Structure formats: structure tokens, C-alpha cells
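Inspection log for the structure reproduced underneath, given as C-alpha cells.
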Amino acid sequence: MISCVLGGTFNILHKGHEALFKRALLFNRIFVGITSDAFVKKYKIYPAVPFEKRKKQVEKWFSKKNKKIKTIKINDIFGDTLEKDYDYIIVSEETLPNAERINLMRKKRGKKPINILVVPIVPAYDGRKISAERIYRGEIDRNGKKIGVQ
């Protein structure tokens, strides 16, 4: 069975996350790293939706597609990717450097690299990326549309 791993905060599920999730649907075994509340508090400008709620949202998305996943609480960009072997890691263009760093660290530890699948960034109405930060600021909605415009 071919496995994949992906990770994120998933504070506000949006079209960008869905692009990553849709790519994961191609695999038999799906592992999703979800950042801890402490990680969100330290690195994000927006308040954290509690971990358990974020986890349930991600699981619900996949269950609607009849896919079971395994979630992992992560406290950094590595999660368990330095120890555990996965066939593929799914990242956005923006987080590609993290996957490359993971593979560099794995090589130093004598582990084989994880194949990297890069998903293009999903643009909002204005061509800029859809992000939880922009949604939190009220610039766009989850689909990348301008707030207040139909």
C-alpha cells in the first residue's frame, strides 16, 4: 500500500487545503500532521481553533470522500517524517522548501528520501494565494472570493 503524508495548521479549511487533500485521495494510506495549539500560538497571527476541532474538521472532509486517515499532532515542520517512512509527501509550492529540508535531514540520518508531490498554490480572486491569514483578516472567504461580493 502506498502512503502519503501532508501537514498543516488547518485552522480554517479553504480551497488551498482542499487541493492538497484531493491529491492525497490518490493514496491508500493517508497521514495528516496537524499542528499543535502551541505551534499555532507561536507562529501564526490568528487565534487557534482548538486542535481537536481542527482534527475533526480534517477527518470529516476525508470521511465525506469515504477515506480513512490517520492524524498526527505535530509541533514543528518535521512531525514524524524524520523517523517514519512514507512513500510521498504532499506540499504546496510555498512549503516545498520544508519537504526538501526534511529529505536533507533524512539523508543525514541514513534514511531514504520521501518522494515529493507539489500542489500548485490556489489563487484568490486577486491572484494572490488563499490563506487562513487572509480569511482571518476578512480579505477573502474560504473559496478565495472577495468578502461582500457575490
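Below, all heavy atoms of this structure are taken into account, side chains as well, without hydrogens, waters or symmetry copies. All residue numbers in this chain count up from 1 along the given sequence. Predicted, not measured: the structure shown is a model, and the values here were computed from it.
- You'll find the side chain of Arg29 stays beyond 4.5 Å of the side chain of Tyr86, heavy atoms only.
- Side-chain atoms of Arg106 come within 3.5 Å of backbone N or O of Thr81 as a donor-acceptor pair.
- Judged purely by atom type and a 3.5 angstrom limit, Asp87 uses its side chain to pair as donor or acceptor with the backbone of Ser3.
- Residues Arg134 and Ala124 come closest through the heavy atom pair NH1-CB, 3.6 Å.
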After noting the C-alpha distance and the side-chain angles of Trp61 and Lys22, does the key distance pass the side chain to side chain contact (heavy atoms under 4.5 Å, CB included) rule? CA-CA 10 Å; Trp61 190 95; Lys22 284 176 182 174; 4.0 Å; yes
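- Transitive grouping of hydrophobic side chains (ILVMFWY, heavy atoms separated by less than 4.5 Å) brings Leu20 and Val32 into a common cluster.
- Contact detail for Arg142 and Ile12: the closest heavy-atom pair is NH1-CG2, 3.4 Å.
- In summary, Asp85 and Lys112 do not engage in a salt bridge, as defined by a charged side-chain N under 4.0 Å from a carboxylate O.
- With values rounded to the nearest 0.5 angstrom, Ser36 atom OG is found 10.0 Å from Lys42 atom NZ.
- Cluster membership check: Leu13 shares its hydrophobic cluster with Ile90, using side-chain heavy-atom separations under 4.5 Å among Ile, Leu, Val, Met, Phe, Trp and Tyr.
- Criterion: ILVMFWY side-chain heavy atoms under 4.5 Å apart, direct or through other members. Under it, Leu96 and Leu104 are not part of a common hydrophobic cluster.
- The pair Arg109-Glu83 counts as a salt bridge, with a side-chain nitrogen and a carboxylate oxygen less than 4.0 angstrom apart.
- A donor-acceptor pair under 3.5 Å is formed between the side chain of Lys67 and the backbone N or O of Phe27.
- Tyr88 and Ile114 get closest at one heavy-atom pair: C-CG2, 3.4 Å.
- When all heavy atoms of Thr35 and Phe51 are compared, the closest pair comes out as O-CD1, 3.6 Å.
- By the rule that hydrophobic residues join a cluster once side-chain heavy atoms approach within less than 4.5 Å of another member, Val5 and Ile77 end up as members of one cluster.
- Under the 4.5 Å side-chain heavy-atom criterion for grouping Ile, Leu, Val, Met, Phe, Trp and Tyr, Leu26 is not connected to Val118 through any hydrophobic cluster.
- Although no hydrogens or angles enter the test, the distance criterion places no donor-acceptor pair under 3.5 Å between the side chain of Ser92 and the main chain of Val119.
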What verdict does the side chain to side chain contact (heavy atoms under 4.5 Å, CB included) test give for Gln57 and Val49, after you've listed the backbone C-alpha separation in whole Å, the side-chain angles of each residue and the deciding distance to 0.1 Å? CA-CA 11 Å; Gln57 288 178 65; Val49 171; 4.0 Å; yes
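- Summarising the local packing, NZ of Lys41 is surrounded by 12 or fewer heavy atoms from other residues, nucleotides or ligands at distances under 6.0 Å.
- Between Phe21 and Phe62, the ring planes lie tilted relative to each other; the angle falls in the 30° to 60° range.
- Glu52 places a side-chain heavy atom less than 4.5 Å from the side chain of Lys55.
- The residue from Ile116, Thr95, Leu6 that alone fulfils the side-chain contact (heavy atoms from CB on, under 4.5 Å) condition with Ile89 is Ile116.
- Using a 4.0 Å cut-off between charged side-chain N and carboxylate O, Glu93 and Lys129 make no salt bridge.
- Ionic pairing of Asp126 and Lys146 is not present here: no N-O contact between side-chain nitrogen and carboxylate oxygen is shorter than 4.0 angstrom.
- Put simply, NZ on Lys145 and CD1 on Ile130 are 10.0 Å apart, with the number rounded to the nearest 0.5 Å.
- Within a 6.0 Å sphere centred on NZ of Lys15, other residues, nucleotides and ligands contribute 12 heavy atoms or fewer.
- Rounded to the nearest 0.5 angstrom, Asp37 CG and Asn75 CG are separated by 10.0 Å.
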Would Phe10 and His17 satisfy side chain to side chain contact (heavy atoms under 4.5 Å, CB included), going step by step from the backbone distance to the final call? CA-CA 7 Å; Phe10 310 118; His17 295 135; 3.4 Å; yes
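- The structure places CD of Glu59 at 4.5 Å from OG1 of Thr71, a figure rounded to the nearest 0.5 Å.
- The neighbour count for Phe31 CZ, taken as heavy atoms of other residues, nucleotides or ligands under 6.0 Å away, is above 12.
- Of the inter-residue distances, the one linking Lys65 atom NZ with Leu25 atom CG reads 7.0 Å to the nearest 0.5 angstrom.
- Expressed to the nearest 0.5 Å, how far OH of Tyr125 lies from CD1 of Ile140 amounts to 8.0 Å.
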Step by step, would you call Arg54 with Val40 a side chain to side chain contact (heavy atoms under 4.5 Å, CB included)? CA-CA 12 Å; Arg54 291 183 283 129; Val40 179; 3.9 Å; yes
